[in-house]
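What follows is a single structure, written as structure tokens, with notes after it.
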Amino acid sequence: MPADLVVRLRRTVDDGRVTARALLVETAAAMAGVPPATVTVEHTATGAPVLRGVATGWHTSVSHTRGLVAVAVSRHGPVGVDVEALRPLPAVALSRRWFAPEDTDWLHGRPAQRRGVDFLALWTGKEAVAKLHGTGLRGGRLLRWRTAPPAPPAWRPTVDAPGVLVTHRELPGHVLAVAHAWPGRPRPAVGR
């Protein structure tokens, strides 16, 4: 049975756009069992990718950061993917600006050497949920969703959004999050 949700990563040395498009086409074609020439990519007015050809109607999301591209393709419902390169950053200060207080409290309680990674895991999870809704992070309203696990150490699927599953992965030098709608579950309303 073919996979209904596929997430693929590819290293890149460019800005990632050309690599992302190629990887998206390859992934959708492989899921359909057809040559890549039968899949095309268009973009919405906001720049979100839309699959055409044999993959018309499938859901997709793309993310690229320094050195890595991530694509997600789903046959069954909306999907969002985000990847960020690990780098030094003022995690707690950024959390206070962008996240709900309980996220910041959780982050502040993490070991100092983990805060940057954990901040980026929160950020990518929220970005992936925003992409699933097709809104991006306009106005930051989706950043207020609580996505921190209730207790360390596990990054497990958690988000205050019924019908949405968010998973996180730490990769060498990067953090990845994927959000997808569970089949048969209602998609949550935007702006909760």
Roughly how far, to the nearest 0.5 Å, is [atom2] of [Y] from [atom1] of [X]?
X	Y	atom1	atom2	answer
Trp58	Leu24	CH2	CG	10.5 Å
Arg75	Asp4	CZ	CG	6.0 Å
Lys126	Trp98	NZ	CH2	12.0 Å
Leu176	Leu120	CG	CG	12.0 Å
His168	Thr124	NE2	OG1	4.5 Å
Asp118	His108	CG	NE2	13.5 Å

Which atom of [X] lies closest to which atom of [Y], heavy atoms considered:
X	Y	result
Arg11	His174	NH1-CE1, 3.5 Å
Ala20	His64	CB-CD2, 4.5 Å
Ala177	Ala128	O-CB, 3.8 Å
Ala85	Arg66	CB-NH2, 3.6 Å
Gly116	Leu89	CA-CD1, 4.1 Å

Practice task
Could you check Val69 against Leu9 for side chain to side chain contact (heavy atoms under 4.5 Å, CB included), going step by step and ending with a plain yes or no?
Solution key: CA-CA 6 Å; Val69 167; Leu9 306 170; over 6 Å; no
Practice task
Show your working on side chain to side chain contact (heavy atoms under 4.5 Å, CB included) between Leu132 and Val79 and close with a plain yes or no.
Solution key: CA-CA 5 Å; Leu132 174 137; Val79 64; 5.6 Å; no
State plainly whether one hydrophobic cluster holds both [X] and [Y], where clusters connect Ile, Leu, Val, Met, Phe, Trp and Tyr through side-chain heavy atoms under 4.5 angstrom apart.
X	Y	value
Val92	Trp106	no
Val7	Leu68	yes
Val6	Val62	yes
Val34	Leu51	yes
Trp123	Leu86	yes

Handout entry: Candidates Val71, Val73, Val81 - the one meeting side-chain contact (heavy atoms from CB on, under 4.5 Å) with Arg8
Key = Val71
Is the backbone N or O of [Y] less than 3.5 Å from a side-chain atom of [X], with the two atoms forming a donor-acceptor pair by type?
X	Y	answer
Thr60	Ala72	yes
Thr44	Ala48	yes
Thr19	Gly16	no
Arg96	Thr104	no

Exercise for the section: List the steps, then state whether side chain to side chain contact (heavy atoms under 4.5 Å, CB included) holds for Arg169 with Val175. Expected result: CA-CA 6 Å; Arg169 295 285 184 267; Val175 176; over 6 Å; no
Exercise for the section: Just grab all the salt bridge (charged side-chain N to carboxylate O under 4.0 Å, His left out) pairs involving residues 36-58, residues at least two apart or on different chains. Expected result: Glu42-Arg52
Practice task
Kindly state each residue pair satisfying salt bridge (charged side-chain N to carboxylate O under 4.0 Å, His left out) with at least one member in residues 77-86, sequence neighbours excluded.
Solution key: Asp82-Lys131, Glu84-Arg87
Practice task
Walk me through it: do Glu170 and Arg114 pass the test salt bridge (Lys or Arg N to Asp or Glu O under 4.0 Å)?
Solution key: CA-CA 12 Å; Glu170 289 180 31; Arg114 289 276 319 161; 2.6 Å; yes
Is the shortest heavy-atom distance from the side chain of [X] to the side chain of [Y] under 4.5 Å?
X	Y	answer
His180	Ser74	no
Asp103	Leu107	no
Arg21	Glu26	no

Handout entry: Derivation and outcome, side chain to side chain contact (heavy atoms under 4.5 Å, CB included), residues Val54 and Val39
Key = CA-CA 6 Å; Val54 298; Val39 176; 3.7 Å; yes
